[in-house]
Amino acid sequence: MSIPNRKRSHVDLAIGGDVAFRSKSTGLERYSFQYNALPEIDLADVDTSTSFVGRPLQLPLIITGMTGGYPEAERINTELAEACATLGIAMGVGSMRAALEDPALAASFACVRPFADAVPIIANFGAVQATRWRSAGRLDEMMQRAVEMTGAAALTVHLNPLQELAQPEGEPEFRGVLETIHQMVGTCPVPLVVKEVGAGLSASVVQRLREVGVEIIDIAGAGGTSWAGVEILRHNSPSDVEHLWDVGIPTAECIIVNRDLVPTMIASGGISSGTDVAVCIGLGANLVGAARPVLQAQHHGGVGGVVDFITSWRTALRQWMFLTGSPTIDELRKAPLILVS
Ligand SMILES: Cc1cc2nc3c(=O)[nH]c(=O)nc-3n(C[C@H](O)[C@H](O)[C@H](O)COP(=O)(O)O)c2cc1C
């Protein structure tokens with residue numbers, strides 16, 4: 001399948017398919033904030049603002065990279081960017097590989113550029129492809145072009161060995177990836193983010209990323225969208241890969257094991273409410289990311305659908321900040337959580 005058709009089928013399955021983890025949850029539901037009957041703040045005192053790569057955000061939220069590279073994706077990315085500008089949150093685009101290799105596919109990424117002053121945009125490509133470009137001596141050029149095409153304030157390189165393994169057209173070729181990331185840390189024109197795509201990053205992986213200088217890490221844990229699941233549904237011989245559906249480290253566990261290792265931790269993977277956002281921060285994340293539920297909100301309600309959806313998360317986040325006596329996001333990170341199951 002061509003890359004544009006693959007991107008289209010990913011979006012269609014994420015919107016309409018049953019692609020959640022089957023027997024594994026994020027683990028976030030096991031935690032609850034300790035109720036504080038003396039919060040000593042007014043609800044009106046609560047301030048959800050924070051920053052990402054030196055840019056202000058109204059909420060500690062990022063719509064993580066999803067799409068681009070086929071014509072209909074232009075509308076999706078434009079509407080997501082418009083919603084992010086209204087909400088004051090950051091936005092990632094999907095893998096830019098196809099558009100970097102074929103400029104005819106650039107429009108569905110370049111459409112976010114007009115929003116780049118209002119929205120910290122995060123460019124994106126895969127670590128396997130980056131390693132190929134490094135071998136070809138083209139990595140610096142590709143990073144530069146990805147940033148220019150989108151007006152990006154940061155660049156994400158994604159690690160997805162599970163997805164590459166399950167994908168019919170996959171390229172499970174990860175030799176040399178850490179050295180590629182090491183090179184990117186030194187030469188990327190904007191801050192570099194390393195993320196998984198929903199199977200999680202262990203402490204030993206994060207330690208190795210830290211050793212080569214990575215400072216911003218999205219743990220993208222298990223419990224939300226199963227990318228193995230998406231690829232199994234696309235596979236000609238699903239029985240060869242069926243057992244991979246639920247592979248991954250739950251989001252809550254990824255946050256806990258990595259919270260003292262990472263200067264800026266983005267927590268994502270299965271975030272489905274404002275309560276989840278608050279719990280991720282209470283467990284130690286700096287920022288929280290979400291993908292598939294936001295795509296579904298855009299599909300059903302356009303810009304307004306996304307704005308309403310995230311505004312409901314904002315309401316719950318503010319309530320948890322009040323109930324824990326946390327006027328700021330930094331204070332919420334220190335609020336005590338209880339293991340309830
Ligand atoms: C339609 C779709 C396409 C995606 N494409 C990318 C991608 O190109 N690059 C990337 O880093 N992550 C990609 N992701 C993964 C998400 O950024 C996220 O890490 C993952 O879906 C888990 O988050 P969720 O449970 O909130 O969906 C994609 C997700 C969706 C739903």
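These figures come from a predicted structure and were not determined experimentally. Counting from 1, the numbers follow the sequence of the chain as shown.
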Less than 4.5 Å apart, side chain to side chain, heavy atoms only: is that true for Glu211 and His182? no
Show every donor-acceptor pair shorter than 3.5 Å between a side-chain atom in residues 271-288 and any protein atom, with sequence neighbours excluded, or say none if there are none.
from	atom 1	to	atom 2	distance (Å)
Ser272	OG	Asp276	OD2	3.1
Ser273	OG	Thr275	N	3.3
Ser273	OG	Asp276	N	3.0
Thr275	OG1	Trp320	NE1	2.8
Asp276	OD2	Ser272	N	2.8
Asn286	OD1	Met265	N	2.8

So, are Lys334 and Glu331 salt-bridged, with charged N and O less than 4.0 Å apart? yes
Under 3.5 Å, side chain of Glu164 to main-chain N/O of Glu171, donor-acceptor pair present? yes
Same cluster for Val185 and Phe174 if Ile/Leu/Val/Met/Phe/Trp/Tyr side chains link at under 4.5 Å? yes
My understanding is that only one of Leu87, Leu59, Ile89 makes a side chain to side chain contact (heavy atoms under 4.5 Å, CB included) with Arg314; could you say which? Leu59
Taking all non-hydrogen atoms of both residues into account, name the closest pair between Leu261 and Gln207 and its distance. CD2-OE1, 3.4 Å
Is there a side-chain contact between Pro327 and Asp47 in this structure, where contact means two heavy atoms from C-beta onward sitting under 4.5 Å apart? no
Scan for side chain to side chain donor-acceptor pair (under 3.5 Å) pairs involving residues 50-74, sequence neighbours excluded, and state none if there are none. Arg8-Glu72
So how far is it from Met184 CE to Asp140 CG, rounded to the nearest 0.5 Å? 9.5 Å
For Asp12, the side-chain hydrogen bond (donor to acceptor under 3.5 Å, both in side chains) test, sequence neighbours excluded, returns none
Arg75 vs Glu82, test: salt bridge (Lys or Arg N to Asp or Glu O under 4.0 Å). Steps then yes/no. CA-CA 10 Å; Arg75 173 150 168 242; Glu82 197 175 330; over 6 Å; no
Look only at the side chain of Asn160 and the backbone of Val197, and say whether a donor-acceptor pair between them is shorter than 3.5 Å. no
Taking the side chain as every heavy atom from C-beta outward, state whether Val306 and Ile63 have any pair of such atoms under 4.5 Å apart. yes
Would you say Lys24's side chain and Asp246's backbone share a donor-acceptor pair under 3.5 angstrom? yes
Between Glu231 and His10, do the side chains contain an N or O donor and an N or O acceptor separated by less than 3.5 Å? yes
Measuring only between side-chain heavy atoms, which start at C-beta, is Met143 closer than 4.5 Å to Phe125? yes
Apply side-chain contact (heavy atoms from CB on, under 4.5 Å) to the pair Ser226 and Val19, showing each step before the final yes or no. CA-CA 6 Å; Ser226 164; Val19 293; 5.7 Å; no
For the backbone of Val157 and the side chain of Lys195, can you confirm whether one donor and one acceptor N or O come within less than 3.5 Å of each other? no
Find the distance between CG (Leu61) and SG (Cys84) and round it off to the nearest 0.5 Å. 9.0 Å
Quick one, Val93 and Ile122 - any side-chain contact, counting heavy atoms below 4.5 Å? no
Are Trp227 and Val194 connected in the hydrophobic side-chain network, where two residues link if heavy atoms are under 4.5 Å apart? no
I'd like to check Met142 versus Gln129 (side-chain heavy atoms, cut-off strictly below 4.5 Å). Are they in contact? no
Quick one: closest heavy-atom pair of Ala335 and Ser326, and the distance? CB-OG, 3.9 Å
Donor-acceptor side-chain pairing of Thr180 and Thr131 below 3.5 angstrom: yes
Counting N and O atoms only, with roles assigned by atom type, does the side chain of Gln296 sit under 3.5 Å from a partner on the main chain of Ala14, one being a donor and the other an acceptor? yes
Gln183 side chain near Leu139 side chain, heavy-atom distance below 4.5 Å: yes
Give a yes-or-no answer on whether the side chains of Asp240 and His235 include a donor-acceptor pair shorter than 3.5 Å. no
Taking atom CG of Asn5 as the centre, report whether more than 12 heavy atoms of other residues, nucleotides or ligands fall under 6.0 Å from it. yes
Please walk me through it: do Ser25 and Glu29 pass side-chain contact (heavy atoms from CB on, under 4.5 Å)? CA-CA 8 Å; Ser25 73; Glu29 71 287 350; 2.6 Å; yes
Let's go through Met1 and Arg234 carefully: what are the C-alpha distance in whole Å and the side-chain angles of both, what is the deciding distance for side-chain contact (heavy atoms from CB on, under 4.5 Å) to 0.1 Å, and is it a yes or a no? CA-CA 10 Å; Met1 192 183 272; Arg234 299 181 56 246; 3.3 Å; yes
Min side-chain heavy-atom separation Met96-Thr150 under 4.5 Å: yes
State plainly whether the residues Arg134 and Glu141 are in salt-bridge range, i.e. N to O under 4.0 Å. no
Apply the test side-chain hydrogen bond (donor to acceptor under 3.5 Å, both in side chains) to residues Asn77 and Ser108: give CA-CA distance (whole Å), side-chain angles for both, the deciding distance (0.1 Å), then the verdict. CA-CA 7 Å; Asn77 277 339; Ser108 57; 5.4 Å; no
Could you state whether Leu28 and Phe21 fall into the same hydrophobic cluster, counting links through intermediate Ile, Leu, Val, Met, Phe, Trp or Tyr residues with side-chain heavy atoms under 4.5 angstrom apart? no
Which atom pair, heavy atoms only, marks the closest approach of Ile76 to Leu295? CG2-CD1, 3.7 Å
For side-chain hydrogen bond (donor to acceptor under 3.5 Å, both in side chains), just list the numbers for Glu148 and Gln144, CA-CA rounded to whole Å, side-chain angles, deciding distance to a tenth of an Å, and then say yes or no. CA-CA 6 Å; Glu148 278 167 12; Gln144 193 68 44; 3.3 Å; yes
Check each of Val262, Ile255, Val257 against Ile219 using the side chain to side chain contact (heavy atoms under 4.5 Å, CB included) test, and report the only one that passes. Ile255
Hydrophobic cluster membership, with links at side-chain heavy-atom distances under 4.5 Å among I/L/V/M/F/W/Y: are Ile338 and Leu323 in one? no
I'd like to know if the side chain of Arg318 reaches the main chain of Thr48, judged simply by a donor and an acceptor atom lying under 3.5 Å from each other, with no hydrogens or angles considered. no
Over all atoms of both residues, closest heavy-atom pair of Gly94 and Phe109: O-CE2, 3.3 Å
Could you tell me whether the side chain of Arg210 and the main chain of Val214 form a donor-acceptor pair under 3.5 Å? yes
Rounded to the nearest 0.5 Å, what's the gap from CD on Glu242 to CG on Leu233? Could you check? 8.5 Å
Nearest non-hydrogen partners of Ile216 and Pro191, listed with the distance: CD1-CB, 4.0 Å
Without swapping roles, check the side chain of Asn258 against the backbone of Leu201 for a donor-acceptor pair under 3.5 Å. yes
Could you walk me through whether Lys7 and Met66 pass the side-chain contact (heavy atoms from CB on, under 4.5 Å) test, one step at a time? CA-CA 9 Å; Lys7 298 293 160 189; Met66 282 187 276; over 6 Å; no
Side chains of Thr328 and Asp330: do they bring a donor and an acceptor to under 3.5 Å? no
Identify whether Ile181 and Val193 are in the same connected component of the hydrophobic contact network (ILVMFWY, side-chain heavy atoms under 4.5 Å). no
Looking only at side chains, do Asn36 and Thr324 share a donor and an acceptor under 3.5 Å apart? no
Leu155 and Cys188: which non-hydrogen atoms are nearest, and at how many Å? CD2-SG, 3.7 Å
Donor-acceptor pair, side chain of Thr251 and main chain of Ser268, under 3.5 angstrom: yes
Is a side-chain donor or acceptor of Asp42 paired with a backbone partner of Ala44 at a separation under 3.5 angstrom? no
